[in-house]
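Structure, as C-alpha coordinates:
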Amino acid sequence: MTVVPTLAGGLPWLGHAITFRRDPVALLQQGRSRHGEIFRFVLCGRTVYALLSPRGHQAFFRAPDDQLSAREAYRFTVPIFGEGVAYAVSPELMDEQLRLLHPALRDDAMQSYAGYMAEEVEGFAEQLGSKGEIELLPAMNELTIAIAGRCLIGPEFRSAVSAEFAGLYRELEGGINLIAFLAPGFPSVANLRRDRARRRVAALMASLIAERRRTKTVQEDFLGVLIAARYKNGTALSDDVITGLLLTALFAGQHTSAVMATWLGVLLAQHPDEVDTLRLEAAGAIRSVPPRLAALKQLQRLEHCLKETERLHPPLVMLMRMVQRPFTVDGVTLPSGSLALVSPAVVHRLHEVFAEPERFDPDRFAAPREEDRATPFSLIGFGGGKHRCLGLAFAHQQIKIIWTLLLQRFDFELIDPMPRPDYATFVVGPRGSCRVRYRHRTAMRSDSGRRPAEAL
Ligand code: HEM
(Lines give C-alpha, C1' and ligand atoms only; values in the text may rest on other atoms or scores of the structure.)
Protein backbone atom coordinates (compact mmCIF):
# COMPACT_ATOMS: atom_id res chain seq x y z
CA MET A 1 0.00 0.00 0.00
CA THR A 2 1.27 3.51 -0.86
CA VAL A 3 2.10 5.71 2.11
CA VAL A 4 0.47 9.12 1.71
CA PRO A 5 2.73 12.07 2.52
CA THR A 6 1.44 14.38 5.25
CA LEU A 7 1.92 18.14 5.04
CA ALA A 8 4.25 19.15 7.85
CA GLY A 9 3.75 22.02 10.26
CA GLY A 10 0.15 21.61 11.41
CA LEU A 11 -1.00 22.51 14.94
CA PRO A 12 -2.65 19.96 17.25
CA TRP A 13 -6.33 19.42 16.23
CA LEU A 14 -6.46 22.69 14.21
CA GLY A 15 -3.93 21.26 11.77
CA HIS A 16 -3.47 23.75 8.90
CA ALA A 17 -6.83 25.51 9.45
CA ILE A 18 -5.32 28.95 9.98
CA THR A 19 -3.16 29.04 6.83
CA PHE A 20 -5.88 27.24 4.87
CA ARG A 21 -8.46 29.87 5.79
CA ARG A 22 -6.10 32.67 4.78
CA ASP A 23 -4.98 31.21 1.47
CA PRO A 24 -5.97 27.61 0.66
CA VAL A 25 -4.45 27.79 -2.81
CA ALA A 26 -0.97 28.71 -1.54
CA LEU A 27 -1.16 25.84 0.96
CA LEU A 28 -2.21 23.34 -1.70
CA GLN A 29 0.44 24.57 -4.15
CA GLN A 30 3.07 24.23 -1.47
CA GLY A 31 1.85 20.69 -0.68
CA ARG A 32 1.91 19.71 -4.34
CA SER A 33 5.41 21.00 -4.95
CA ARG A 34 6.68 19.19 -1.84
CA HIS A 35 4.72 15.95 -2.04
CA GLY A 36 3.27 15.55 -5.53
CA GLU A 37 -0.26 14.79 -6.70
CA ILE A 38 -1.71 13.28 -3.52
CA PHE A 39 -1.03 14.34 0.05
CA ARG A 40 -2.98 14.90 3.23
CA PHE A 41 -3.33 17.48 5.96
CA VAL A 42 -5.61 18.14 8.92
CA LEU A 43 -8.35 20.79 9.19
CA CYS A 44 -9.97 21.07 12.62
CA GLY A 45 -9.57 17.41 13.46
CA ARG A 46 -10.55 16.11 10.02
CA THR A 47 -8.07 14.62 7.55
CA VAL A 48 -8.26 16.12 4.07
CA TYR A 49 -6.79 14.32 1.04
CA ALA A 50 -5.79 16.66 -1.77
CA LEU A 51 -6.06 15.03 -5.21
CA LEU A 52 -4.19 17.44 -7.44
CA SER A 53 -4.05 15.97 -10.94
CA PRO A 54 -6.48 15.35 -13.79
CA ARG A 55 -6.27 11.61 -12.96
CA GLY A 56 -7.31 12.35 -9.39
CA HIS A 57 -10.17 14.52 -10.70
CA GLN A 58 -11.41 11.71 -12.89
CA ALA A 59 -11.66 9.33 -9.92
CA PHE A 60 -13.21 12.08 -7.75
CA PHE A 61 -15.92 13.03 -10.25
CA ARG A 62 -16.72 9.45 -11.26
CA ALA A 63 -17.13 8.07 -7.73
CA PRO A 64 -20.72 7.25 -6.74
CA ASP A 65 -22.49 9.48 -4.20
CA ASP A 66 -22.57 6.72 -1.58
CA GLN A 67 -18.76 6.64 -1.68
CA LEU A 68 -17.82 10.31 -2.14
CA SER A 69 -20.65 12.44 -0.85
CA ALA A 70 -21.19 16.05 -1.95
CA ARG A 71 -24.16 16.17 0.40
CA GLU A 72 -22.06 15.56 3.52
CA ALA A 73 -19.37 18.03 2.39
CA TYR A 74 -21.82 20.85 1.61
CA ARG A 75 -24.12 20.59 4.64
CA PHE A 76 -23.40 24.25 5.44
CA THR A 77 -25.78 25.12 2.59
CA VAL A 78 -28.77 23.41 4.26
CA PRO A 79 -29.81 26.34 6.50
CA ILE A 80 -29.63 28.60 3.43
CA PHE A 81 -31.29 26.46 0.76
CA GLY A 82 -33.74 24.81 3.18
CA GLU A 83 -34.42 21.47 4.81
CA GLY A 84 -36.36 19.86 1.99
CA VAL A 85 -34.01 20.43 -0.96
CA ALA A 86 -30.57 19.90 -2.48
CA TYR A 87 -27.90 18.76 0.00
CA ALA A 88 -30.50 18.26 2.76
CA VAL A 89 -32.17 15.35 0.95
CA SER A 90 -30.98 12.03 -0.47
CA PRO A 91 -28.82 12.23 -3.62
CA GLU A 92 -31.65 10.53 -5.55
CA LEU A 93 -34.20 13.15 -4.49
CA MET A 94 -31.72 15.99 -5.07
CA ASP A 95 -31.15 14.60 -8.56
CA GLU A 96 -34.90 14.49 -9.22
CA GLN A 97 -35.33 18.04 -7.93
CA LEU A 98 -32.48 19.40 -10.06
CA ARG A 99 -33.95 17.67 -13.11
CA LEU A 100 -37.13 19.65 -12.54
CA LEU A 101 -35.02 22.73 -13.35
CA HIS A 102 -34.08 21.38 -16.80
CA PRO A 103 -37.11 22.88 -18.61
CA ALA A 104 -35.97 26.27 -17.26
CA LEU A 105 -32.71 25.81 -19.18
CA ARG A 106 -34.09 24.68 -22.55
CA ASP A 107 -33.36 26.75 -25.64
CA ASP A 108 -36.75 28.50 -25.78
CA ALA A 109 -36.42 29.60 -22.15
CA MET A 110 -32.78 30.62 -22.70
CA GLN A 111 -33.88 32.74 -25.67
CA SER A 112 -36.31 34.59 -23.40
CA TYR A 113 -33.54 35.07 -20.83
CA ALA A 114 -31.35 36.56 -23.59
CA GLY A 115 -34.01 39.28 -23.81
CA TYR A 116 -34.06 39.87 -20.05
CA MET A 117 -30.27 39.82 -19.86
CA ALA A 118 -29.87 42.33 -22.71
CA GLU A 119 -32.50 44.60 -21.15
CA GLU A 120 -30.71 44.60 -17.79
CA VAL A 121 -27.30 45.23 -19.41
CA GLU A 122 -28.69 48.09 -21.51
CA GLY A 123 -30.32 49.64 -18.44
CA PHE A 124 -27.03 49.31 -16.57
CA ALA A 125 -25.10 50.85 -19.50
CA GLU A 126 -27.54 53.78 -19.67
CA GLN A 127 -26.88 54.57 -16.01
CA LEU A 128 -23.15 54.73 -16.70
CA GLY A 129 -23.44 57.83 -18.89
CA SER A 130 -20.70 58.67 -21.38
CA LYS A 131 -17.63 58.33 -19.18
CA GLY A 132 -16.56 57.62 -15.62
CA GLU A 133 -15.06 55.06 -13.29
CA ILE A 134 -16.58 51.96 -11.70
CA GLU A 135 -15.52 49.30 -9.25
CA LEU A 136 -15.92 46.27 -11.45
CA LEU A 137 -16.89 43.59 -8.90
CA PRO A 138 -19.74 45.50 -7.18
CA ALA A 139 -20.94 46.59 -10.63
CA MET A 140 -21.00 43.00 -11.92
CA ASN A 141 -22.69 41.90 -8.70
CA GLU A 142 -25.44 44.46 -9.16
CA LEU A 143 -25.94 43.44 -12.77
CA THR A 144 -25.97 39.68 -12.16
CA ILE A 145 -28.37 40.03 -9.20
CA ALA A 146 -30.76 41.96 -11.44
CA ILE A 147 -30.41 39.32 -14.19
CA ALA A 148 -30.81 36.40 -11.77
CA GLY A 149 -33.81 38.08 -10.13
CA ARG A 150 -35.50 38.54 -13.52
CA CYS A 151 -34.73 35.08 -14.91
CA LEU A 152 -35.35 33.11 -11.71
CA ILE A 153 -38.09 35.01 -9.90
CA GLY A 154 -39.60 37.07 -12.73
CA PRO A 155 -40.79 40.66 -13.18
CA GLU A 156 -42.07 40.66 -9.58
CA PHE A 157 -38.44 40.65 -8.44
CA ARG A 158 -37.96 44.29 -9.41
CA SER A 159 -41.48 45.45 -8.60
CA ALA A 160 -42.06 43.66 -5.29
CA VAL A 161 -38.97 42.26 -3.61
CA SER A 162 -35.70 43.62 -4.95
CA ALA A 163 -34.98 46.34 -2.32
CA GLU A 164 -35.61 44.11 0.68
CA PHE A 165 -34.11 41.08 -1.01
CA ALA A 166 -30.64 42.66 -1.37
CA GLY A 167 -30.29 42.87 2.45
CA LEU A 168 -31.68 39.37 3.01
CA TYR A 169 -29.36 37.96 0.39
CA ARG A 170 -26.36 39.52 2.14
CA GLU A 171 -27.44 37.96 5.44
CA LEU A 172 -27.86 34.56 3.80
CA GLU A 173 -24.40 34.92 2.25
CA GLY A 174 -23.03 35.72 5.70
CA GLY A 175 -24.00 32.13 6.57
CA ILE A 176 -21.20 30.84 4.34
CA ASN A 177 -18.33 30.88 6.84
CA LEU A 178 -15.88 28.51 8.47
CA ILE A 179 -18.03 28.04 11.60
CA ALA A 180 -21.05 27.14 9.46
CA PHE A 181 -18.86 24.75 7.44
CA LEU A 182 -17.87 22.86 10.60
CA ALA A 183 -21.17 23.23 12.51
CA PRO A 184 -24.02 24.58 10.34
CA GLY A 185 -26.38 24.87 13.33
CA PHE A 186 -23.99 26.74 15.67
CA PRO A 187 -25.82 29.84 16.99
CA SER A 188 -23.22 32.44 15.97
CA VAL A 189 -24.48 35.95 15.19
CA ALA A 190 -23.95 35.39 11.45
CA ASN A 191 -25.83 32.08 11.55
CA LEU A 192 -28.76 33.53 13.51
CA ARG A 193 -29.04 36.36 10.97
CA ARG A 194 -28.87 33.78 8.19
CA ASP A 195 -31.78 31.84 9.73
CA ARG A 196 -33.90 34.95 10.20
CA ALA A 197 -33.25 36.00 6.59
CA ARG A 198 -34.19 32.51 5.33
CA ARG A 199 -37.55 32.72 7.13
CA ARG A 200 -38.25 36.13 5.63
CA VAL A 201 -37.28 34.97 2.10
CA ALA A 202 -39.64 32.01 2.52
CA ALA A 203 -42.49 34.38 3.47
CA LEU A 204 -41.77 36.72 0.52
CA MET A 205 -41.63 33.82 -1.92
CA ALA A 206 -44.80 32.23 -0.54
CA SER A 207 -46.76 35.41 -1.24
CA LEU A 208 -45.35 35.65 -4.80
CA ILE A 209 -46.21 32.01 -5.45
CA ALA A 210 -49.72 32.45 -4.01
CA GLU A 211 -50.27 35.49 -6.24
CA ARG A 212 -49.13 33.62 -9.35
CA ARG A 213 -51.37 30.68 -8.46
CA ARG A 214 -54.34 33.00 -7.77
CA THR A 215 -53.98 34.98 -11.00
CA LYS A 216 -52.88 31.88 -13.00
CA THR A 217 -50.04 34.01 -14.41
CA VAL A 218 -47.60 32.05 -16.56
CA GLN A 219 -44.14 33.57 -16.89
CA GLU A 220 -41.05 32.34 -18.70
CA ASP A 221 -38.76 32.04 -15.66
CA PHE A 222 -37.51 29.45 -13.17
CA LEU A 223 -40.36 30.20 -10.76
CA GLY A 224 -42.95 29.49 -13.48
CA VAL A 225 -41.23 26.21 -14.35
CA LEU A 226 -41.14 25.09 -10.71
CA ILE A 227 -44.79 25.99 -10.04
CA ALA A 228 -45.75 23.81 -13.03
CA ALA A 229 -43.30 21.00 -12.15
CA ARG A 230 -44.40 17.61 -10.82
CA TYR A 231 -42.38 14.88 -9.11
CA LYS A 232 -42.34 11.45 -10.78
CA ASN A 233 -45.26 10.44 -8.53
CA GLY A 234 -47.33 13.35 -9.82
CA THR A 235 -47.21 15.62 -6.76
CA ALA A 236 -46.50 19.32 -7.01
CA LEU A 237 -43.60 21.02 -5.21
CA SER A 238 -44.29 22.72 -1.89
CA ASP A 239 -43.66 26.46 -1.65
CA ASP A 240 -40.64 25.79 0.53
CA VAL A 241 -39.09 23.39 -1.99
CA ILE A 242 -39.70 25.92 -4.79
CA THR A 243 -38.03 28.61 -2.66
CA GLY A 244 -35.18 26.24 -1.82
CA LEU A 245 -34.51 25.37 -5.45
CA LEU A 246 -34.55 29.03 -6.44
CA LEU A 247 -32.08 29.80 -3.64
CA THR A 248 -29.91 26.86 -4.75
CA ALA A 249 -29.74 28.22 -8.30
CA LEU A 250 -29.21 31.78 -7.04
CA PHE A 251 -26.39 30.86 -4.67
CA ALA A 252 -24.75 28.48 -7.11
CA GLY A 253 -24.95 30.92 -9.98
CA GLN A 254 -25.06 34.60 -9.09
CA HIS A 255 -21.86 35.45 -7.28
CA THR A 256 -19.88 32.94 -9.32
CA SER A 257 -21.11 34.64 -12.52
CA ALA A 258 -20.35 38.12 -11.14
CA VAL A 259 -16.82 37.06 -10.29
CA MET A 260 -16.22 35.41 -13.65
CA ALA A 261 -17.60 38.44 -15.50
CA THR A 262 -15.26 40.64 -13.43
CA TRP A 263 -12.18 38.55 -14.18
CA LEU A 264 -13.02 38.48 -17.87
CA GLY A 265 -13.34 42.29 -17.80
CA VAL A 266 -9.99 42.62 -16.05
CA LEU A 267 -8.25 40.29 -18.50
CA LEU A 268 -9.76 42.04 -21.51
CA ALA A 269 -8.79 45.46 -20.16
CA GLN A 270 -5.23 44.16 -20.11
CA HIS A 271 -5.42 42.77 -23.65
CA PRO A 272 -6.82 45.47 -25.95
CA ASP A 273 -5.97 43.44 -29.08
CA GLU A 274 -8.31 40.76 -27.82
CA VAL A 275 -11.06 43.37 -27.45
CA ASP A 276 -10.67 44.34 -31.13
CA THR A 277 -10.95 40.69 -32.16
CA LEU A 278 -14.07 40.22 -30.03
CA ARG A 279 -15.72 43.32 -31.48
CA LEU A 280 -15.06 42.08 -35.02
CA GLU A 281 -16.40 38.65 -34.15
CA ALA A 282 -19.55 40.14 -32.64
CA ALA A 283 -20.05 42.47 -35.62
CA GLY A 284 -20.02 39.39 -37.90
CA ALA A 285 -22.42 37.30 -35.82
CA ILE A 286 -24.84 39.45 -33.84
CA ARG A 287 -27.65 40.86 -35.96
CA SER A 288 -30.09 41.89 -33.24
CA VAL A 289 -30.42 42.89 -29.61
CA PRO A 290 -31.35 40.70 -27.84
CA PRO A 291 -29.04 38.33 -29.70
CA ARG A 292 -30.31 35.01 -31.01
CA LEU A 293 -28.88 31.93 -29.28
CA ALA A 294 -27.46 30.72 -32.59
CA ALA A 295 -25.55 34.01 -32.95
CA LEU A 296 -24.18 33.78 -29.41
CA LYS A 297 -22.95 30.26 -30.17
CA GLN A 298 -20.93 31.63 -33.08
CA LEU A 299 -18.86 33.77 -30.69
CA GLN A 300 -16.07 31.20 -30.56
CA ARG A 301 -13.29 33.60 -29.65
CA LEU A 302 -15.35 34.94 -26.75
CA GLU A 303 -16.01 31.34 -25.70
CA HIS A 304 -12.24 30.69 -25.64
CA CYS A 305 -11.69 33.89 -23.61
CA LEU A 306 -14.30 32.65 -21.15
CA LYS A 307 -12.59 29.28 -20.84
CA GLU A 308 -9.27 31.03 -20.33
CA THR A 309 -10.89 33.12 -17.57
CA GLU A 310 -12.28 29.93 -16.00
CA ARG A 311 -8.79 28.41 -16.16
CA LEU A 312 -6.86 31.35 -14.71
CA HIS A 313 -9.49 32.50 -12.22
CA PRO A 314 -11.97 29.76 -11.33
CA PRO A 315 -14.55 31.31 -8.97
CA LEU A 316 -14.67 28.10 -6.91
CA VAL A 317 -11.07 27.23 -6.11
CA MET A 318 -11.77 23.90 -4.43
CA LEU A 319 -14.50 21.27 -4.48
CA MET A 320 -15.01 18.72 -1.73
CA ARG A 321 -16.57 15.36 -0.97
CA MET A 322 -16.91 13.45 2.29
CA VAL A 323 -15.60 9.87 2.04
CA GLN A 324 -18.45 7.54 3.03
CA ARG A 325 -16.66 4.26 2.37
CA PRO A 326 -12.99 3.64 1.56
CA PHE A 327 -12.04 5.14 -1.78
CA THR A 328 -8.89 4.15 -3.65
CA VAL A 329 -7.11 6.36 -6.14
CA ASP A 330 -3.62 5.71 -7.56
CA GLY A 331 -2.95 3.05 -4.92
CA VAL A 332 -3.92 5.37 -2.06
CA THR A 333 -6.97 4.51 0.04
CA LEU A 334 -8.91 7.39 1.61
CA PRO A 335 -10.66 6.16 4.77
CA SER A 336 -14.33 6.81 5.64
CA GLY A 337 -14.80 10.11 7.44
CA SER A 338 -12.00 11.91 5.62
CA LEU A 339 -12.53 14.67 3.07
CA ALA A 340 -11.45 14.46 -0.57
CA LEU A 341 -10.56 17.76 -2.21
CA VAL A 342 -9.77 18.85 -5.76
CA SER A 343 -8.63 22.33 -6.70
CA PRO A 344 -9.28 23.95 -10.08
CA ALA A 345 -7.05 26.88 -9.06
CA VAL A 346 -4.02 24.61 -8.56
CA VAL A 347 -4.44 22.12 -11.40
CA HIS A 348 -5.38 24.74 -14.01
CA ARG A 349 -1.82 26.05 -13.69
CA LEU A 350 0.09 22.81 -14.20
CA HIS A 351 2.85 23.04 -16.83
CA GLU A 352 2.32 19.43 -17.82
CA VAL A 353 -1.27 20.18 -18.85
CA PHE A 354 -1.33 23.80 -20.03
CA ALA A 355 1.52 25.39 -22.00
CA GLU A 356 2.90 28.50 -20.25
CA PRO A 357 0.08 28.29 -17.72
CA GLU A 358 0.56 31.77 -16.29
CA ARG A 359 -0.08 33.37 -19.69
CA PHE A 360 -3.52 34.57 -20.89
CA ASP A 361 -3.77 32.62 -24.13
CA PRO A 362 -7.32 31.87 -25.33
CA ASP A 363 -5.85 30.14 -28.41
CA ARG A 364 -4.97 27.14 -26.27
CA PHE A 365 -8.65 26.12 -26.54
CA ALA A 366 -8.83 26.45 -30.33
CA ALA A 367 -8.11 23.59 -32.76
CA PRO A 368 -5.59 22.09 -33.19
CA ARG A 369 -4.23 22.78 -29.67
CA GLU A 370 -7.36 22.15 -27.58
CA GLU A 371 -5.23 21.63 -24.50
CA ASP A 372 -8.19 20.90 -22.24
CA ARG A 373 -9.34 18.07 -24.49
CA ALA A 374 -5.89 16.51 -24.68
CA THR A 375 -6.14 15.73 -20.96
CA PRO A 376 -9.64 14.84 -19.72
CA PHE A 377 -10.77 16.44 -16.46
CA SER A 378 -8.08 19.12 -16.67
CA LEU A 379 -10.45 22.12 -16.87
CA ILE A 380 -12.85 21.80 -13.95
CA GLY A 381 -14.02 25.33 -13.14
CA PHE A 382 -17.59 24.08 -13.64
CA GLY A 383 -16.92 20.70 -11.99
CA GLY A 384 -17.21 17.36 -13.78
CA GLY A 385 -19.12 14.09 -13.95
CA LYS A 386 -22.70 13.91 -12.76
CA HIS A 387 -22.41 16.95 -10.47
CA ARG A 388 -21.06 19.14 -13.25
CA CYS A 389 -22.58 22.60 -13.13
CA LEU A 390 -26.20 22.67 -14.18
CA GLY A 391 -26.05 26.36 -15.04
CA LEU A 392 -22.96 26.47 -17.28
CA ALA A 393 -24.89 27.48 -20.41
CA PHE A 394 -26.80 30.11 -18.42
CA ALA A 395 -23.59 31.53 -16.96
CA HIS A 396 -21.81 31.60 -20.34
CA GLN A 397 -24.79 33.22 -22.07
CA GLN A 398 -25.06 35.86 -19.38
CA ILE A 399 -21.38 36.78 -19.42
CA LYS A 400 -21.29 36.77 -23.22
CA ILE A 401 -24.23 39.18 -23.37
CA ILE A 402 -22.79 41.43 -20.67
CA TRP A 403 -19.42 41.88 -22.35
CA THR A 404 -20.63 41.90 -25.95
CA LEU A 405 -23.04 44.74 -25.21
CA LEU A 406 -20.66 46.66 -22.95
CA LEU A 407 -17.74 46.45 -25.38
CA GLN A 408 -20.04 47.58 -28.12
CA ARG A 409 -20.68 50.83 -26.24
CA PHE A 410 -17.57 51.49 -24.20
CA ASP A 411 -13.80 51.39 -24.12
CA PHE A 412 -12.42 50.27 -20.80
CA GLU A 413 -9.10 50.58 -19.08
CA LEU A 414 -7.95 49.21 -15.75
CA ILE A 415 -7.01 51.96 -13.30
CA ASP A 416 -5.55 49.77 -10.55
CA PRO A 417 -2.70 47.33 -11.09
CA MET A 418 -3.75 43.78 -12.05
CA PRO A 419 -5.53 42.56 -8.88
CA ARG A 420 -4.61 39.32 -7.15
CA PRO A 421 -7.27 36.77 -6.29
CA ASP A 422 -8.77 36.99 -2.80
CA TYR A 423 -8.41 33.35 -1.79
CA ALA A 424 -9.77 34.08 1.69
CA THR A 425 -13.31 34.25 0.25
CA PHE A 426 -15.54 31.35 -0.71
CA VAL A 427 -16.15 32.61 -4.25
CA VAL A 428 -12.83 34.04 -5.34
CA GLY A 429 -12.88 37.50 -6.88
CA PRO A 430 -10.17 40.15 -7.08
CA ARG A 431 -8.68 41.35 -3.81
CA GLY A 432 -8.98 45.06 -3.07
CA SER A 433 -9.87 47.71 -5.52
CA CYS A 434 -10.56 46.83 -9.14
CA ARG A 435 -11.52 50.09 -10.78
CA VAL A 436 -11.96 50.60 -14.48
CA ARG A 437 -12.25 53.85 -16.40
CA TYR A 438 -14.78 53.75 -19.23
CA ARG A 439 -15.65 56.03 -22.06
CA HIS A 440 -18.46 55.79 -24.57
CA ARG A 441 -17.05 54.85 -27.96
CA THR A 442 -19.19 57.24 -29.99
CA ALA A 443 -18.19 60.04 -27.58
CA MET A 444 -14.56 59.22 -28.27
CA ARG A 445 -15.08 59.23 -31.99
CA SER A 446 -16.89 62.61 -31.97
CA ASP A 447 -14.17 64.02 -29.68
CA SER A 448 -11.57 63.00 -32.21
CA GLY A 449 -13.58 64.57 -35.03
CA ARG A 450 -14.56 61.24 -36.60
CA ARG A 451 -18.16 60.23 -37.38
CA PRO A 452 -19.93 58.27 -34.66
CA ALA A 453 -19.76 54.66 -35.70
CA GLU A 454 -22.67 52.27 -35.93
CA ALA A 455 -23.06 49.87 -33.05
CA LEU A 456 -20.22 47.34 -33.00
C1 HEM B 1 -19.55 31.29 -13.58
C2 HEM B 1 -20.58 30.76 -12.98
C3 HEM B 1 -20.59 29.40 -12.34
C4 HEM B 1 -19.55 28.63 -11.89
C5 HEM B 1 -18.06 28.94 -11.91
C6 HEM B 1 -20.12 27.39 -11.37
C7 HEM B 1 -19.39 26.35 -10.86
C8 HEM B 1 -19.93 25.14 -10.43
C9 HEM B 1 -19.16 24.01 -9.97
C10 HEM B 1 -17.65 23.96 -9.86
C11 HEM B 1 -20.03 23.03 -9.66
C12 HEM B 1 -19.67 21.62 -9.16
C13 HEM B 1 -19.59 21.57 -7.64
C14 HEM B 1 -19.03 20.26 -7.14
O15 HEM B 1 -18.89 19.30 -7.91
O16 HEM B 1 -18.76 20.18 -5.94
C17 HEM B 1 -21.36 23.53 -9.88
C18 HEM B 1 -22.52 22.83 -9.62
C19 HEM B 1 -23.78 23.39 -9.74
N20 HEM B 1 -24.10 24.59 -10.32
FE21 HEM B 1 -22.81 25.97 -11.02
N22 HEM B 1 -21.48 27.46 -11.50
C23 HEM B 1 -21.82 28.65 -12.10
C24 HEM B 1 -23.08 29.08 -12.47
C25 HEM B 1 -24.24 28.41 -12.16
C26 HEM B 1 -25.57 28.89 -12.48
C27 HEM B 1 -25.87 30.17 -13.26
C28 HEM B 1 -26.46 27.97 -11.97
C29 HEM B 1 -27.96 27.96 -12.03
C30 HEM B 1 -28.67 28.62 -12.90
C31 HEM B 1 -25.67 26.91 -11.34
C32 HEM B 1 -26.21 25.81 -10.71
C33 HEM B 1 -25.46 24.76 -10.24
C34 HEM B 1 -26.05 23.60 -9.57
C35 HEM B 1 -27.53 23.39 -9.27
C36 HEM B 1 -24.99 22.73 -9.27
C37 HEM B 1 -25.07 21.36 -8.57
C38 HEM B 1 -25.14 20.27 -9.62
C39 HEM B 1 -25.17 18.89 -9.00
O40 HEM B 1 -24.63 18.69 -7.91
O41 HEM B 1 -25.71 18.00 -9.66
N42 HEM B 1 -24.34 27.22 -11.48
N43 HEM B 1 -21.27 24.83 -10.38
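Atoms within a ligand are numbered from 1 in the order they appear, just like the ligands themselves. What you see below is based on every heavy atom in this structure, not just the backbone, and it leaves out hydrogens, waters and symmetry mates.
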At the 4.0 Å heavy-atom cut-off, does M94 count as touching ligand 1?
yes
Nearest protein heavy atom to atom 7 (C) of ligand 1, by residue and atom, and its distance?
G381 O, 3.5 Å
Show the atoms of ligand 1 that are less than 4.0 angstrom away from any heavy atom in F394.
27 (C)
For atom 15 (O) of ligand 1, what's the nearest protein heavy atom and its distance?
R321 NH2, 2.8 Å
Identify whether NZ of Lys or CZ of Arg in R311 sits under 6.0 Å from the centre of the six-membered ring of F354 and within 45° of that ring's axis.
yes
Given A249, A393, C151, which one has a non-hydrogen atom that is nearest to atom 29 (C) of ligand 1?
A249
For L168 and A197, which heavy atoms make the closest approach, and how far apart are they?
O-CB, 3.7 Å
Heavy-atom pair of closest approach, residues P314 and V428:
O-CB, 4.4 Å
Can you tell me if Y113 uses its side chain to pair, donor with acceptor, with the backbone of I147 under 3.5 Å?
no
Is a side-chain donor or acceptor of D416 paired with a backbone partner of R435 at a separation under 3.5 angstrom?
yes
Cation-pi check, R71 onto Y87 ring (under 6.0 Å, within 45° of axis)
no
Does ligand 1 come near enough to R388 that some N or O of the ligand is less than 3.5 Å from an N or O of the residue?
no
Rounded to the nearest 0.5 Å, what separation is found between the OH atom of Y74 and the NE2 atom of H387?
9.0 Å
Under 4.0 Å, counting heavy atoms only: does M320 come that close to any atom of ligand 1?
no
Looking only at protein heavy atoms, identify the closest one to atom 13 (C) of ligand 1 and say how far it is in Å.
L319 CD2, 4.1 Å
Reported CG-to-CG distance for the pair L406 and L128, which is rounded to 0.5 angstrom
7.5 Å
Could you tell me which atoms of ligand 1, counted from 1 in the order shown, lie closer than 4.0 angstrom to a heavy atom of S257?
1 (C), 2 (C)
Could you tell me whether the side chain of E281 and the main chain of Q300 form a donor-acceptor pair under 3.5 Å?
yes
Looking only at heavy atoms, the pair that brings A73 and M322 closest together is CB-N, 3.9 Å
Proximal ligand 1 atoms for P315, defined as those under 4.0 Å from one of its heavy atoms:
5 (C)
Within 4.0 Å of some non-hydrogen atom of K386, the atoms of ligand 1 are 41 (O)
Which protein non-hydrogen atom lies closest to atom 41 (O) of ligand 1, naming both residue and atom, and how far is it?
H387 ND1, 3.3 Å
Does Q324 reach the main-chain N or O of D66 with its side chain, forming a donor-acceptor pair under 3.5 Å?
no
for atom 16 (O) of ligand 1, nearest protein heavy atom and its distance come out as Y74 OH, 2.7 Å
Ligand 1 to L98, heavy atom cutoff 4.0 Å, flagged ligand atoms 35 (C), 38 (C), 39 (C), 41 (O)
Would you confirm whether D372, through its side chain, and L379, through its main-chain N or O, come within 3.5 Å as a donor-acceptor pair?
no
Shell of protein N/O/S atoms around atom 21 (Fe) of ligand 1, taken as anything under 2.8 Å
C389 SG
Test item: D363 side-chain N/O and A366 main-chain N/O as donor-acceptor pair under 3.5 Å
no
